[in-house]
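Notes for the one structure printed next.
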Amino acid sequence: MEELDELEELMEKNFGDETAPPTETFQKKMEISFPKTLLSRGMDNRYLVLAVNIVQNEVGNHEKHLTITASQSLGDKELCILRNDWCSVPVAPGDIIHLEGDSISDTWIVDKDFGYLILYPDMLISGTSVASSIRCMRRAVLSETFRKSDHTTRPMLIGTILHEIFQKAVSDSFAPEKLQELALHTLQETRHLKEMYRLNLNQEEIKQEVEEYLPSFSKWAGDFMHKDMSTDFPQMQLSLPSDDSKDNSTCNVEVVKALDIEESIWSPRFGLKGKIDVTVGVKIHRGYKMKYKIMPLELKTGKESNSIEHRSQVVLYTLLSQERRPDPEAGLLLYLKTGQMYPVPAKHLDKRELLKLRNQMAFSLFNRITKSASGKEKIQLAPLPQIIEDYQTCKYCSQVDNCALSSRAFEQQMDDGSVPVSMLPKIMEETQHLQLAHLEYFRLWCLMLTLETQSKENRKNHQNIWLIPASEMEKSGNCIGNLIKTENVKTACDGQYLHNFQRKNGAMPVTNLMSGDKIILSGEERALFVVARGYVKKINTTTVTCLLDRNLSVHPESTLFRLDLEEKNCDIVTPLGNLSKLMENIHASKRLRELIIDLREPQFTSYLSSVLPHDAKDTVACILKGLNKPQRQAMKKVLLSKDYTLIVGMPGTGKTTTICTLVKVRKFTQISRNLQRRKFADQSPLNL
DNA sequence: TCTCTGCCAAGAGGA
């Protein structure tokens, strides 16, 4: 019932009359769906949009006027005027927004030169996602929705390995013999070896390809890393927004040191998140002037494209950086193949356009359900961003299958001309293996899973970390604030650090936190939130021990930390990914579709002897001894099964026991089969 | 009001 109410509220929110003034009931609803504490002023301001009006100004241009409030009572209203392209932001009454810029006498103005509006700022979207939306918004939205357990490719693996080598070298040395050593070491790591095995790649071949990059690493270090004579750094064209316009735009860039690698930043100010490859301290020499900046350095191992996507990623990282330190105003883009480095100034125009893309994406991801235009109460998935007509982009798109599938399942039956005719053949080609029943199944379960997330959306808690002080959150039992580090940080293993914390004054508060809980660690200060993530290892009345993914010994002893439970959100990423996989044009999926959608009856073999090896019989009989008759019958059925067997039973009738036994039997028969195979191999002349 | 289920993550490169 409660979920239905929430759903109705949602509908109301999406389809309320945009221009109507907020009525009493509307305000009441808003109070229910957005707890008052989530509105705030200041740096992390959160405004609730009460009304949206399109207004024509004196010059005849359109403006969007938002009536907004950040006050608890919703009574204290302010005005936000959106000009120029900002008019296109899909903002509606009931939305939460964040505003950057200045407000003069309770009026905010966001135009092409000043200010930003961030829609649903607590929805954090990754920088790479936003950058990928430049070419195709639909692809960006689809890859957030169907995050397939995508297979790594060879170039990706090499990219990952090279990133790691560079990141190690930057805090160690770029001397050729050192690089060689770091490369060898990295190539030997189990996770990389596993990937090579999966991709059926030759280790020596990968090693060779990796080694080809190393001279460029050294060249880059020679060109840009700190040295005594600061005269021969390569010339670069870079002017920062804060530079004097009369100044020469040519400068020398000197990388003084690396401050962090893989720095993970969440920015609820810009609604973004991401990981910065390398955070570097840079001296910019211009004539006799010098500026010191801490900038993001983004590494790329592929073609030296200096593409808009790559540059945008850097611009977005300059926004993330502002969570932790002063505005870097620019970032660096380094192509590891050649050692060529490009400076990327973060201009207002670029930031504005990227944040507008982020808003569009946030809109699509937030409003996933709509009422159908024709049917009165019919609930359905909201339309995805439109299909683009760019054969080149689609050719290399990792989401073509989901794109075509969604088009067939959701769009083509609407027949509203939203699908470009020229793309129809491609869509048919991608989906010709699916029958109507399959599309119907896909449509139904996409909707059901999406409805499930929407009904649970409000329970997400991580915005509490930046919107609610620890002292307040502690009352819920899911947070502990006012913590300081005690003892030294111990390295548990690669990328796992053991930390001890104690209350600065007094004992631990009453808490629900237990050993094994997933937690987010932040500084009590704004600049340090989500500084690490990990698990509670041990907790008692005085000390909490955590295993974290970052070493916090770099922070001063006096730093105050808070620890928040990372609540499990409703995760439909996996089920949606599976749903997408079920529709793939591969044999395994075809078989599963037959069984699951077409309801083909499962098949069984007739004799156990054909599934159990001869010499395994006694042992299997022995394993089965502990089971009762119905359990043994179930086991037999499972062993004879070619497709699947459903075991149905009341609680406590022993389904789990049966499954455990099944695992034992499978394991044993596997061993016994392998032994047989080995015997055969030993006898064969090839000696496999 | 509590239980259960699906969860490591943002980016690795391609044009």
Side-chain angles (χ1 to χ4, degrees), chain A residues 2 124-132 134-136 139-140 143-144 146-167 186 191-192 195-196 199 206 209-210 213 261-267 272-278 296 298-310 312-314 316-317 320 335-337 390-400 445 448-450 452-453 456 459-460 462 495-496 512 518-520 530 532-535 547-550 566-581 651 656:
Chain A
E2 198 186 283
L124 307 183
I125 302 180
S126 83
T128 38
S129 261
V130 176
S132 84
I134 297 172
R135 260 179 206 272
C136 179
R139 174 182 63 183
S143 31
E144 286 286 312
F146 299 101
R147 231 177 272 176
K148 297 186 284 188
S149 50
D150 234 358
H151 295 300
T152 319
T153 58
R154 182 197 161 108
M156 284 178 185
L157 174 63
I158 290 181
T160 312
I161 293 172
L162 286 167
H163 268 71
E164 282 179 29
I165 299 170
F166 186 93
Q167 286 164 336
T186 309
R191 60 208 153 89
H192 297 143
E195 278 301 304
M196 286 179 222
L199 289 164
I206 298 296
E209 190 162 342
V210 163
Y213 281 76
I261 53 169
E262 290 286 310
E263 187 185 20
S264 165
I265 305 183
W266 286 8
S267 170
L272 295 169
K273 63 183 166 184
K275 279 186 179 170
I276 298 173
D277 280 337
V278 190
E298 172 63 20
L299 311 176
K300 293 288 171 202
T301 40
K303 264 199 185 149
E304 191 182 313
S305 60
N306 195 13
S307 66
I308 183 102
E309 277 98 333
H310 290 172
S312 297
Q313 212 179 323
V314 177
L316 289 162
Y317 290 161
L320 290 180
Y335 289 94
L336 293 176
K337 207 171 229 166
D390 180 350
Y391 193 74
Q392 271 308 105
T393 303
C394 300
K395 196 170 153 191
Y396 297 102
C397 176
S398 54
Q399 290 288 336
V400 255
W445 287 103
M448 297 308 256
L449 289 165
T450 310
E452 195 185 340
T453 31
K456 289 177 181 167
R459 292 181 207 170
K460 270 199 277 188
H462 54 231
Q496 298 261 289
N512 297 332
K518 217 172 156 182
I519 44 130
I520 292 176
V530 200
R533 305 173 79 174
Y535 296 88
L547 206 53
L548 302 175
D549 61 351
R550 302 238 113 200
E566 181 165 13
E567 273 176 41
K568 274 192 286 190
N569 298 324
C570 162
D571 178 24
I572 59 154
V573 170
T574 312
L576 272 178
N578 290 341
L579 188 59
S580 152
K581 223 169 164 49
T656 310

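Throughout, protein chains are lettered first and strands after them, A, B, ... in sequence-line order, and every chain is numbered starting at 1.
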Looking only at side-chain atoms of A:Thr128, point me to the closest of B:dA9, B:dG6, B:dG11. B:dG11

Specify the residue among A:His310 and A:Arg533 whose closest nucleotide of DNA chain B lies further upstream toward the 5′ end. A:Arg533

Salt bridge (charged side-chain N to carboxylate O under 4.0 Å, His left out), that's the test. Do A:Glu304 and A:Lys337 meet it? Break it down for me. CA-CA 8 Å; A:Glu304 191 182 313; A:Lys337 207 171 229 166; over 6 Å; no

Answer with base, sugar-phosphate or nothing: what part of the nucleic acid does A:Asp277 contact at a heavy-atom distance below 4.0 Å? sugar-phosphate

Give each stem of DNA chain B as a range with a range, requiring at least 3 consecutive Watson-Crick or G-U wobble pairs whose two distances are under 3.5 Å. none

I'd like to know if A:Arg533 and A:Glu566 make a salt bridge, using a cut-off of under 4.0 Å between side-chain N and carboxylate O. yes

Distance in angstrom units between A:Lys518 NZ and B:dC7 C1', rounded: 7 Å

Residue pair A:Glu164 / A:Thr186, side-chain donor-acceptor N/O under 3.5 Å: no

A:Ile158 CD1 to B:dG14 C1': how many Å, rounded? 13 Å

Using a heavy-atom cut-off of 4.0 Å across all strands, would you classify A:Tyr535 as base, sugar-phosphate, or nothing? nothing

Rounded to the nearest 0.5 angstrom, the CD-SG distance for A:Gln399 and A:Cys394 is 12.0 Å

Whether over 12 other heavy atoms sit under 6.0 Å from A:Ile308 CD1: no

From the options B:dA12, B:dG14, B:dG6, select the nucleotide whose nearest atom is closest to the side chain of A:Glu262. B:dA12

Using atom CD of A:Glu309 as one end and atom P of B:dG11 as the other, report the distance to the nearest whole Å. 14 Å

Any donor-acceptor pair under 3.5 Å joining the side chain of A:Glu298 to the base of B:dG11? no

Of A:Leu320, A:Val530, A:Leu272, A:Leu124, the one forming a side-chain contact (heavy atoms from CB on, under 4.5 Å) with A:Ile265 is A:Leu320

Winner on side-chain proximity to A:Arg135, out of B:dG13, B:dA15, B:dG11, is B:dA15

So does A:Ser126 get a side-chain nitrogen or oxygen closer than 4.0 Å to the phosphate oxygens (OP1/OP2) of B:dG11? yes

Contact nearer the 5' end of DNA chain B, comparing A:Asn578 with A:Gln392: A:Asn578

Using only side-chain N and O atoms of A:Tyr335, determine if any of them is under 4.0 Å from OP1 or OP2 of B:dG13. no

Ranking B:dC7, B:dG11, B:dA12 by distance to the side chain of A:Thr301, first place goes to B:dA12

N or O in side chain of A:Lys273 less than 4.0 angstrom from B:dA10 OP1/OP2: yes

Measure from CG on A:Leu320 to C1' on B:dA10 and round the result to the nearest Å. 11 Å

Among B:dA15, B:dA12, B:dC7, the nucleotide that comes nearest once only the side chain of A:Thr160 is considered: B:dA12

Separation of B:dC8 atom C1' from A:Lys275 atom NZ, nearest Å, is 9 Å

Those residues that, when tested against A:Lys300, pass salt bridge (charged side-chain N to carboxylate O under 4.0 Å, His left out) (two or more places apart): A:Glu298

Atom CG of A:Leu316 and atom C1' of B:dA10 are separated, to the nearest Å, by 13 Å

Rounded to whole angstrom units, what separation is found between the CZ atom of A:Arg550 and the C1' atom of B:dA10? 13 Å

For A:Leu579 and B:dC7, what is the distance between atoms CG and C1' respectively, to the nearest whole Å? 17 Å

Nearest to side-chain heavy atoms of A:Lys303, which nucleotide of B:dG13, B:dA15, B:dC7: B:dA15

Listed partners of A:Glu209 passing salt bridge (charged side-chain N to carboxylate O under 4.0 Å, His left out), at least two apart: A:Arg154

